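Remember, it's 1-based here, ligands and their atoms both numbered in the order they're listed. Values in this document were obtained by computation on a predicted structure and should not be read as measured data.
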Amino acid sequence: MITVPLLDLAPQNGALEAAYESTFREVMRSNAFIMGPRLEAFEKACAEALQVKHAIGVSSGTDALVLPLMALGIGEGDEVLLPAFTFFATAGSVARLGAVPVWVDVDPHTFNINLADAARKVGPRTKAIMPVHLFGQSCDLGALRTFASAHKLFVIEDAAQSMGARWQGQSTMSVGDFGATSFFPSKNLGGFGDSGLVTTQNDALAERARILRVHGMQPKYYHKFIGANFRMDPLQAALLHIKLPHLPSYNCARAGNAGYYHTTLRGAPGIGENRPGAGDAKILLPVDFSGQGIWNQFTLRVLHGKRDALKAFLTNRKIGCEIYYPVPLHRQECFAGVGRGADSARVAEQLAQEVLSVPVFPEITTEQRQWVATSLADFAAGKSA
Ligand SMILES: *Cc1c(COP(=O)(O)O)cnc(C)c1O
């Protein structure tokens, strides 16, 4: 039987191995391991790719959220609107600074933050909104901007899963006061360990973030603010710089795989698309409403309480799949009694019961994706594993 991992990094990293090796040797022999021209060159290339004025390499995607919050002065008692259905770091970064997460419900079709619910939950202490472009699909960036300026909120875009995704031609990470992404190995631009990137169009904010990245120090040993060590290694930057030009082709391959699933499964019994009024399907395929998403995940909704059965079915057929995410953030143990809005994030709770992500990585083979599609059709038609 064919096996299909949820993600296989080997073919992508193997293809560029010779370049990584010579770059590693160069950096090692330079003995320059903190900051410097290799990091700056990578930052410049990222800024160009994302159409932003400033790109700042940092230690992780999580720190790429913490640093902007610090630079905007968000702390004790300040509220931040964020989706209740996302990876932990979105809310963790807020809570860690003593700020208060406001749990906003999400849209069942895009999986992204529901701005109507956000509007209901804005309060006098609300300072910022932290939308997440989840699974590689951009939020409606126009609506986001209108919302934020109407309520005078800062915007920090959590684009950890969506570097390179666009909305009507506009790049994610380019409209907020800050954008943040991650180079965690499973992201679309996956690195060799932890690192991340902060973006901004604002010179003063960029300057502040750069200073906070090095313990709030400027000049050397004179500390203006209380920062921390949020630096990205130049070795990591140099290796990612090799990979960066390939990101559009990786994203394109992912979109091709998503398109394949749609074409192959269109009209199959029990399978529909995750749009309003989808009818009585068992499995709903994710839709790229932005048309320019990057498919970090291909996340199904499995209805009628059948999600765990499909997971077992695929596992039995040696197809990798994962639940992103099984518990909405306001239901996490560490957030019991924390934040506002937990009583009305119904869609987030529903999605946690329904979602299942299946392989969509760029290098999946034709046979592998065929096997995934066949298996989804078999399950929806009621065949046994
Ligand atoms: C991965 C991720 C992060 C955190 O990135 P790390 O590099 O793992 O710290 C933050 N938000 C979202 C939505 C993510 O998927």
Using distance alone, with no hydrogens and no angle criterion, decide if [X] and [Y] have a side-chain donor and acceptor under 3.5 Å apart.
{"X": "Asn202", "Y": "Thr200", "value": "no"}
{"X": "Glu354", "Y": "Gln350", "value": "yes"}
{"X": "Glu157", "Y": "His133", "value": "yes"}
{"X": "Gln353", "Y": "Arg301", "value": "no"}

In terms of atom number and element, which parts of ligand 1 are under 4.0 angstrom from non-hydrogen atoms of [X]?
{"X": "Ala160", "answer": "2 (C), 3 (C), 10 (C), 11 (N), 12 (C), 14 (C), 15 (O)"}
{"X": "Ser182", "answer": "5 (O), 6 (P), 7 (O)"}
{"X": "Thr62", "answer": "4 (C), 5 (O), 6 (P), 9 (O)"}
{"X": "Gly61", "answer": "4 (C), 5 (O), 6 (P), 7 (O), 9 (O)"}
{"X": "Val132", "answer": "13 (C)"}
{"X": "Ser60", "answer": "7 (O), 9 (O)"}

Inset, instruction - Specify the protein heavy atom at minimum distance from atom 8 (O) of ligand 1: its residue, its atom name, and the distance to 0.1 Å. - result: Phe184 CD1, 3.8 Å

Legend entry - Under 3.5 Å donor-acceptor, Thr172 side chain and Ala165 backbone: yes

Inset, instruction - May I ask you to check whether Phe183 has an N/O atom sitting below 3.5 Å from an N/O atom of ligand 1? - result: no

Inset, instruction - Give yes if a backbone or side-chain nitrogen or oxygen of Asp158 is under 3.5 Å from a nitrogen or oxygen of ligand 1, and no if not. - result: yes

Inset, instruction - Flag the pair Phe192 / Tyr20 as yes when their ring centroid distance falls below 6.0 Å, and as no otherwise. - result: yes

Inset, instruction - Check each of Met130, Lys187, Gln161, Gln297 against atom 2 (C) of ligand 1 and report the one with the nearest heavy atom. - result: Lys187

Legend entry - Taking every non-hydrogen atom, the tightest pair across Leu265 and Ala377: CD2-CB, 3.9 Å

Inset, instruction - Please work out whether any backbone atom (N, CA, C, O) or any side-chain heavy atom from C-beta onward of Thr86 is under 4.0 Å from ligand 1, and answer side chain, backbone, both or neither. - result: side chain

Inset, instruction - Using the ring of Phe361 (Phe, Tyr or Trp, six-membered ring only), decide whether Arg254 places NZ or CZ under 6.0 Å from its centre and within 45 degrees of its axis. - result: no

